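Everything below concerns the one structure shown next.
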Amino acid sequence: AQAVHSTELAVRKMRHDCKILPAVKQIDTVAAEWPAKTNYLYLTYNGTEHDLDFQEPHVMVIGSGVYRIGSSVEFDWCAVGCIQELRKMGYKTIMVNYNL
């Protein structure tokens with residue numbers, strides 16, 4: 001957005017209007033040794049179809065983000081604990097975390 005002197009919202013709208021949409025992809029955590037049913041997902045604009053679809057409503061929990069020296073895992077454990085409790089209550093869940 002800064003490169004074109006605009007806002008993030010305007011760039012997102014332009015992408016949507018031009019049908020430039022992100023795709024949900026799965027990370028193969030077993031290096032193709034056998035079919036993976038991983039829960040590690042990412043969004044990319046370098047894809048044309050989703051690896052999976054969310055057919056049911058989910059509750060989204062925002063994770064703590066990138067770990068840096070001096071940060072603590074307690075923040076991520078709070079998000080994991082939240083997910084576990086929501087699942088006990090019968091909710092489908094997804095955690096979104098920011099990683100570089």
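Note that these values count all heavy atoms, side chains included, but never hydrogens, waters or copies made by symmetry. Quick caveat, the model's predicted, so the values are computed rather than measured. Note that the numbering runs from 1 along the sequence shown for the chain.
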Legend entry - Path from Val4 to Leu9 over hydrophobic side-chain contacts below 4.5 Å: no
Legend entry - For the student: nearest non-hydrogen atoms of Ile62 and Ala79, plus distance: O-CB, 4.4 Å
Legend entry - Rounded distance [0.5 Å steps], CG in Asp51 versus CD1 in Ile27: 10.5 Å
Inset, instruction - May I ask you to decide if Glu49's main-chain N or O and Lys25's side chain share a donor-acceptor pair within less than 3.5 Å? - result: yes
Inset, instruction - Write down the atom of Val61, the atom of Ile83, and the distance for their closest heavy-atom approach. - result: CG2-CD1, 3.6 Å
Legend entry - Residue pair Val80 / Met95: nearest heavy atoms and the distance that separates them: N-CE, 3.8 Å
Inset, instruction - Give a yes or no on whether Val96 and Leu43 share a hydrophobic cluster (residues Ile, Leu, Val, Met, Phe, Trp, Tyr; joining criterion: side-chain heavy atoms under 4.5 Å apart). - result: yes
Legend entry - Met14-Tyr45 co-clustered via ILVMFWY side chain contacts under 4.5 Å: no
Legend entry - Within one Ile-Leu-Val-Met-Phe-Trp-Tyr cluster: Ile20 and Val24, side-chain cutoff 4.5 Å: no
Inset, instruction - Let me know which of Arg15, His16, His50 forms a side chain to side chain contact (heavy atoms under 4.5 Å, CB included) with Leu21. - result: His16
Inset, instruction - For residues His58 and Thr93, determine if any side-chain heavy atom of one lies less than 4.5 Å from a side-chain heavy atom of the other. - result: no
Legend entry - CG/Asn46: more than 12 non-hydrogen atoms of other groups inside 6.0 Å: no
Inset, instruction - Give the minimum heavy-atom separation between Pro57 and Lys92, together with the two atoms involved. - result: O-CB, 3.6 Å
